[in-house]
Amino acid sequence: MTGGSLGVRMWSYGTLPDINGVIPGDEKFLHSKSLANVRKNSTKMFSGFREKERSLPSIWCRCLGCRKISMLLLIPFALLVFVLGSLAVDKETISLNVDQQIGTLSMVLPYVNGAPSNPGASWIFGKKDKQNDENYLVANILNEDEENRFRIVGSKGAIVLPSNHPCTKFTFPPPPPPNLRRIGPRPCPVCYLPVDQAIASMPSSPSASPVLQNLTYVHDENPIKTEPHGGSDFGGYPSIKQRSNSFDVKESMTVHCGFVKRSKPGLQTGFDFDESDLAELQQFHDIIVASAIFGNYDVIQQPRNVSEEAKKNIPFYMFIDEETEAYIKNKSVLDSSKRVGLWRIVCVRNVPYSDARRNGKVPKLLLHRIFPNVRYSIWIDGKLQLVVDPYQILEKFLWRQNANFAISRHYRRFDVFVEAEANKAAGKYDNSSIDEQVGFYKQEGLTPYSEAKFPITSDVPEGCVLIKEHIPITNLFTCLWFNEVDRFTSRDQLSFAIVRDKIMEKVDWNINMFLDCERRNFVIQTYHRDLLEQMPPPVATVSRRPPALPSMRGRTPGKRITRRRSSSRRHRKAAGGNRDQFLLSTF
């Protein structure tokens, strides 16, 4: 304890600190000769002041004790602090800042009866880029009055679960405090029905397709490029006028949708299949799961937690190119059965693009053309591993929501212009092509996301998972989405919103854009092959035996053994010897 601390402590108990032999007094200084004199003099000097202190508080202090008085005063002070703190917390909860609304409150708001209402009532936004925070309004704040400020507004098609539904009382757990949150996207809890109940909830008939009832596709054996914008022989080079007409939704329509050179997809159209595979793809299935790996870019991931009913009734198709086929054959993974675990391998010949990622958009967006006799499909990118039964996924994101198309929103960004800048910064595509595409959309009327689009909650999807019912309106949506990918960049996040919005202007239709954390609940993202091959191999763990107990031979029983602590030099030598013995034991 230092002298300074002693002085403070003495002052707190009523004595005066002695500084250089001088003690401050009543408008004068006293020289301290001894502690007794100081206390005596101070008593005399302050006797008059103590007489003045004989008032009501001092009487209470002597009657009840100063300590009790202090405790009585502390009780109302503590109550006051508690009340003020509660008011501050309530005020902070009501008027959350943007980040809190995004990361905390919106985890609970989307749920009506414990289940999320259809897309309009889903409220989670991705976290906005900092430079654009001030340009956007949070759609959580619907009205100025506090009573309706966080009222949940359901869009058309939004459902309230019946009281006997197993997920009726399901809600998100409360989010952790801000200082305990982990950085980055994470999965969140999802209420799935048991597999047998999910199967029983499958609709017996197709959903109604608004307005559009008959959709056919352009067939042109010799497509010719007539305009400067992009396109391909595979896509047929639709003109700007044809593109505009394709958004005018009518009862019967004919649109470009890939495979234009032949009437039968996969047969001399580009993106061709073997005869045996063509026959397989024409079969009827209620549900399929599909994925693709092109350019040997990913490692095949085997689905987990798949029920026996799904294994029996739901085929899993993996599309690969010849480069990937050669690799997995060389690894003795693929044999004549064309199966790798649950996946039925379908090799694509004569791929239409030199870019492997653009080739992957063909099965991703045009599954309804490859599988003309399928009711439902789940698409997952090749880097993902499915870890939930397909029946449960369809029940949760389509059947329970009365939806026919579902996709997760981006976990961070929800504005196309911000997404474009992020793509440029990350080198996802050449900047001039991105600028050309976004500039074209801007001329067509695309604006930055704002609350004016509510109940639409995002313009940017996390497009690695598509859950779809194959009906005319959803087939039209994916056809037109593919045409944008074929005409402009392969970054499908940039073209999603313009296609969706143009269709929604014409018909009463929407998309279930569910939370990205929910997507991460049923798929696990892995690394691409090039990153996996750069990683060091895992280090083998070697179990070490515990050291043997010291021998008691030659020692007198009951005699205490005193051990001298070894020096640091002896300790280092012993440690080095033990390390050498450990390394030798591993061979």
Side-chain angles (χ1 to χ4, degrees), residues 215-247 253-275 277-278 281-282 290 292-297 317 319-326 346-372 379 382 428-430 432-434 436-437 440-441 463 466 475-492 494-496 498-499:
L215 181 64
T216 56
Y217 310 105
V218 170
H219 173 209
D220 185 358
E221 294 185 1
N222 298 298
I224 299 175
K225 184 175 183 178
T226 60
E227 296 179 351
H229 290 284
S232 66
D233 286 350
F234 179 77
Y237 302 108
S239 66
I240 294 295
K241 183 178 180 180
Q242 289 173 321
R243 176 183 178 274
S244 299
N245 292 337
S246 66
F247 292 113
M253 299 179 66
T254 299
V255 298
H256 286 79
C257 196
F259 302 101
V260 298
K261 292 186 177 181
R262 294 288 187 274
S263 57
K264 188 175 183 178
L267 185 62
Q268 299 179 0
T269 58
F271 211 87
D272 297 331
F273 307 117
D274 297 337
E275 288 290 340
D277 292 334
L278 273 173
L281 302 178
Q282 298 297 313
I293 298 175
F294 291 101
N296 196 29
Y297 202 61
Y317 291 100
F319 294 91
I320 63 173
D321 58 0
E322 293 176 283
E323 178 184 353
T324 309
E325 181 189 39
V346 179
C347 186
V348 179
R349 318 291 179 186
N350 189 25
V351 292
Y353 305 105
S354 59
D355 180 8
R357 294 188 178 185
R358 195 184 290 270
N359 285 322
K361 307 302 178 182
V362 177
K364 175 179 179 177
L365 299 177
L366 303 182
L367 278 179
H368 63 282
R369 299 223 62 194
I370 300 171
F371 298 94
W379 167 268
K428 298 290 186 179
Y429 216 86
D430 65 277
S432 60
S433 298
I434 293 177
E436 179 186 358
Q437 181 177 6
F440 183 87
Y441 292 160
L466 305 182
N475 294 341
L476 174 67
F477 170 70
T478 53
C479 280
L480 302 187
W481 191 6
F482 173 80
N483 291 343
E484 298 299 297
V485 171
D486 184 55
R487 178 183 293 272
F488 296 108
T489 71
S490 61
R491 305 303 298 170
D492 51 21
L494 301 179
S495 51
F496 168 84
I498 194 74
V499 178

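In this text the structure is predicted, and so the values were computed from the model without any measurement.
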_Validation row: Phe234, Phe482 side chains within 4.5 angstrom (heavy atoms)_ = yes
*Would you say the side chain of Leu365 lies within less than 4.5 Å of the side chain of Leu466, judging by non-hydrogen atoms?*
yes
_Quick one, Ile240 with Phe440, criterion side chain to side chain contact (heavy atoms under 4.5 Å, CB included). Give me CA distance, side-chain angles, the key distance, then yes/no._
CA-CA 11 Å; Ile240 294 295; Phe440 183 87; 3.9 Å; yes
_Euclidean distance, Leu367 CG relative to Phe319 CZ, rounded to 0.5 Å_ = 6.5 Å
_Counting C-beta onward and ignoring hydrogens, is there a side-chain heavy-atom pair between Asn359 and Pro352 closer than 4.5 Å?_
yes
*Asn483 side, atom CG; Ser246 side, atom OG - distance, nearest 0.5 Å*: 6.5 Å
_Carboxylate-amine/guanidinium proximity below 4.0 Å for Arg243 and Glu227_ = no
*Can Leu476 and Leu480 be said to form a side chain to side chain contact (heavy atoms under 4.5 Å, CB included), step by step?*
CA-CA 6 Å; Leu476 174 67; Leu480 302 187; 3.8 Å; yes
*asked:* In the structure I gave you, are the side-chain heavy atoms of Asp355 and Phe294 within less than 4.5 Å of one another anywhere?
replied: no
*asked:* Between Arg349 and Glu325, does the side chain to side chain contact (heavy atoms under 4.5 Å, CB included) criterion hold? Intermediate values first, please.
replied: CA-CA 11 Å; Arg349 318 291 179 186; Glu325 181 189 39; 3.2 Å; yes
*If you measure from OH on Tyr297 to CG on Asp321, what distance do you get to the nearest 0.5 Å?*
13.5 Å
*Could you tell me whether the side chain of Arg369 reaches within less than 4.5 Å of the side chain of Tyr217, counting heavy atoms only?*
yes
*Qualifying residues under ring-ring contact (aromatic ring centres under 6.0 Å, His included), relative to Tyr441, sequence neighbours excluded*: Phe488
*Can you measure from OG (Ser495) to CD (Glu484) and round to the nearest 0.5 angstrom?*
6.0 Å
*Does any N or O in the side chain of Gln242 come within less than 3.5 Å of the main-chain N or O of Ser239, such that one atom is a donor and the other an acceptor?*
yes
*asked:* If I compare all heavy atoms of Pro223 with all of Val260, which pair ends up nearest, and what's the gap?
replied: CG-CG2, 4.3 Å
_salt bridge (charged side-chain N to carboxylate O under 4.0 Å, His left out) partners for Asp492, two or more places apart_ = Lys361, Lys364
_Please check this pair: side chain of Arg358 against backbone of Val485, looking for a donor-acceptor N/O pair closer than 3.5 Å._
yes
*Aromatic rings Phe273 and Phe271: how do their planes relate, parallel, tilted or perpendicular, breaks at 30° and 60°?*
perpendicular
*Any donor-acceptor pair under 3.5 Å linking the side chain of Thr324 with the backbone of Asn296?*
yes
*Look up atom SG in Cys479 and atom NE2 in His256, then write down how far apart they are to the nearest 0.5 Å.*
11.0 Å
*Under the side chain to side chain contact (heavy atoms under 4.5 Å, CB included) rule, what do Gln437 and Arg491 come out as? Steps first, then yes or no, please.*
CA-CA 10 Å; Gln437 181 177 6; Arg491 305 303 298 170; 5.6 Å; no
*If we only count heavy atoms from C-beta on, is the Leu215 to Val255 side-chain gap below 4.5 Å?*
yes
*Will you find, in the side chains of Thr216 and Thr254, an N or O donor that is under 3.5 Å from an N or O acceptor?*
yes
*For Tyr353 and Ser232, does a side-chain donor sit closer than 3.5 Å to a side-chain acceptor?*
yes
*Do Leu267 and Leu278 have side-chain heavy atoms sitting under 4.5 Å apart?*
yes
*Check whether any side-chain heavy atom of Leu494 sits under 4.5 Å from a side-chain heavy atom of Tyr429, and report yes or no.*
no
*asked:* If I take atom NZ from residue Lys261 and atom CD from residue Gln268, how far apart are they, to the nearest 0.5 angstrom?
replied: 10.0 Å
*Which pair of non-hydrogen atoms, one from Asn350 and one from Glu322, has the smallest distance, and what is that distance?*
N-OE1, 4.5 Å
*Where do Gly266 and Thr269 come nearest, in terms of heavy atoms and distance?*
N-OG1, 3.1 Å
*Do the side-chain N and O atoms of Arg487 and Tyr237 include a donor-acceptor pair separated by under 3.5 angstrom?*
no
